[in-house]
Amino acid sequence: MSHDASLEPLFPIADIQGDILVGLPKRHEHLMFFEVIDVPAFKEFLERLDITSMQDCLRFRDEIAAQKQVGNALIPTPGLNIAFTAAGLVRIGVSQVSGATGIDAFKGGMASRQAVLNDPPASSWRSLRPSKRLHGVFIVTGATHAEVANVMSLRLAPPGANGWRLIDEEVGQVRPEPVLGHEHFGYADGVSQPGIRGRIAETVALNPGLKDSNGQDSEPDQAAPGQDVLWPGEFVFGYPAQNPGAASFPEKGPERTPPIPFMLNGSFLVIRRLAQLVPEFNASVRKASQSLPASSDQADPDLLGAQLVGRWKSGAALIQAPTRDNRALGDNTPDANKFEFGDDREGLICPWAAHIRKTYPRDDVRHDTSPPQADVDRAEAFTQTHRMLRRGIAFGPELTEEEALSGISNGGDHTRGLLFKCYVTSIEGQFEFVQQQWSNAADFSQEESGIDPIIGQSPSAVRPFRGAAPISRNVARKPDLTLRSFVRMEGGEYFFAPSILALRSL
């Protein structure tokens, strides 16, 4: 079967904001949360605001790839995108959003979804507490902090004259070499992203299928080994989405119609501040590995940590490297995602509750460890309707020697973690579903799996986790652990990122 790009939708690449389908290239990012204080001035400001488009990001991507061929010097990649809360859309005149159906989570805000997400009460949040004054967020990115500051001064200043006021801010930056692209626990982040069907030019696909050594199509439904290509309506309104009842995931589903016309070519944006207790996590993993009973497979701290995540720190998946890290299969290698869970249905290699298995169960079948192939294919098609385009970045300083030795995080400015961001067209069906039905559920994907030890939320101080037995491959030797949570949800909100044309139309 060949990859026929002409059957896929053509994106208006100058109209879609760049962070959604391509991602703003960045080493530094400021999330500037604002209030609209003068609507006419703000609308005039929006009309001339230089928003970084998908077209710009594709150009950046090509320039970065070309630079890598001749050296590793950074190139300028100034970026600016914008998104609004439901209250913010009403404030700037998009009143139709109030009566739109099917977007209750967006209209209510993240704090209203506490019971669904098992989040801590908003009164304890450090950032983005519910506020009628919160109208939107500027996403400012660059290769350096100086570049971010330059974008602010050239495009956003002065706030008052442009009709807006800063009310909160979060600052992120990628970690330094050699842990560039790793989150603060040390694991490669963002290794598994979906590919996207669609064209960026008449005959050019955004994510063309894989080809063999002769240039012929070999895997038309994969952008890279193990990276399935999905219909874009999962992430941008106005395009075909996945079919949750399909016999296999490539089948096209119905168009994801925008709830109101203003939302065409736009996307919902979820932002969460996730603080990570790094020295406590490391100390707990070390202690847990030492306390495993003799009746279970023994795991050193590196192996047990990899079982919690589902990947080694390099990004190599446990499925491919069951007992020791293999950097040849790690992040940025061709085969980092070339695996399914079908060869490990008993969770002997990668625990059922491992973070990557909870958030993307691939071909797992709920409560069935010996499913027929037709059920596997249907389950994978269903799984693909819950994917997200993640655009997070680390925040906070590196771990100090004092913290590493004491096993205790310093407070104040030494808070560190992840500014989680994702783009979806259904907050309830994608982000909230994954958090509630998969990560937080102790019986997913199989009975007594345990809770996702990384992002799982629970009212209990400790969470059950059933490990793996990769050495003996004996189900009876899988250890049962109870673990504290080492990720604190400290605030968040739901936004909508309109198309650039929609912004101009205001």
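Scope of the values below: all heavy atoms of this structure, side chains included, with no hydrogens, waters or symmetry mates. Remember, it's a predicted structure, so these values are computed and weren't measured experimentally. Quick note: residue numbers are just sequence positions, from 1.
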Tell me yes or no: between the side chains of [X] and [Y], is some donor less than 3.5 Å from an acceptor?
| X | Y | answer |
| --- | --- | --- |
| Arg366 | Ser445 | no |
| Asp212 | Ser218 | no |
| Glu432 | Tyr494 | yes |
| Glu403 | Thr400 | yes |

How many angstroms lie between [atom1] in [X] and [atom2] in [Y], if you round to the nearest 0.5 Å?
| X | Y | atom1 | atom2 | answer |
| --- | --- | --- | --- | --- |
| His28 | Thr144 | NE2 | OG1 | 6.5 Å |
| Asn118 | Ser460 | CG | OG | 10.5 Å |
| Asp344 | Cys350 | CG | SG | 6.5 Å |

### Query
Are the side chain of Arg273 and the backbone of Gly492 linked by a donor-acceptor contact shorter than 3.5 Å?
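No, because the side chain of Arg273 does not come within donor-acceptor range (under 3.5 Å) of the backbone of Gly492.
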### Message
Has Gln173 got a side-chain atom pairing as donor or acceptor with His145's backbone, closer than 3.5 angstrom?
### Response
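Side chain of Gln173 to backbone of His145, a donor-acceptor pair under 3.5 Å: no, none is there.
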### Query
Which heavy atom of Lys26 sits nearest a heavy atom of Arg391, and at what distance?
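Closest heavy-atom pair between Lys26 and Arg391: NZ-O, 2.8 Å.
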Do NZ/NE/NH1/NH2 and the carboxylate oxygens of [X] and [Y] come within less than 4.0 Å?
| X | Y | result |
| --- | --- | --- |
| Lys358 | Asp364 | no |
| Glu8 | Arg197 | yes |
| Asp168 | Arg129 | no |

Flag the pair [X] / [Y] as yes when at least one side-chain heavy-atom distance between them is below 4.5 Å, and no otherwise.
| X | Y | result |
| --- | --- | --- |
| Gln437 | Phe444 | no |
| Val174 | Arg27 | yes |
| Arg175 | His184 | yes |

### Query
Per the side chain to side chain donor-acceptor pair (under 3.5 Å) rule, which among Arg272, Gln435, Gln114 passes with Asp119?
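Exactly one candidate clears the test, Arg272.
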### Asp343 atom CG, neighbour heavy-atom count above 12 within 6.0 Å
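No, not enclosed.
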### Query
Are Tyr423 and Phe235 an aromatic pair by the rule of ring centers under 6.0 Å?
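They do not qualify: ring centres at least 6.0 Å apart.
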### Task
Check whether the ring centres of Phe433 and Trp438 lie less than 6.0 Å apart, and answer yes or no.
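Yes; Trp438 has its ring centre under 6.0 Å from that of Phe433.
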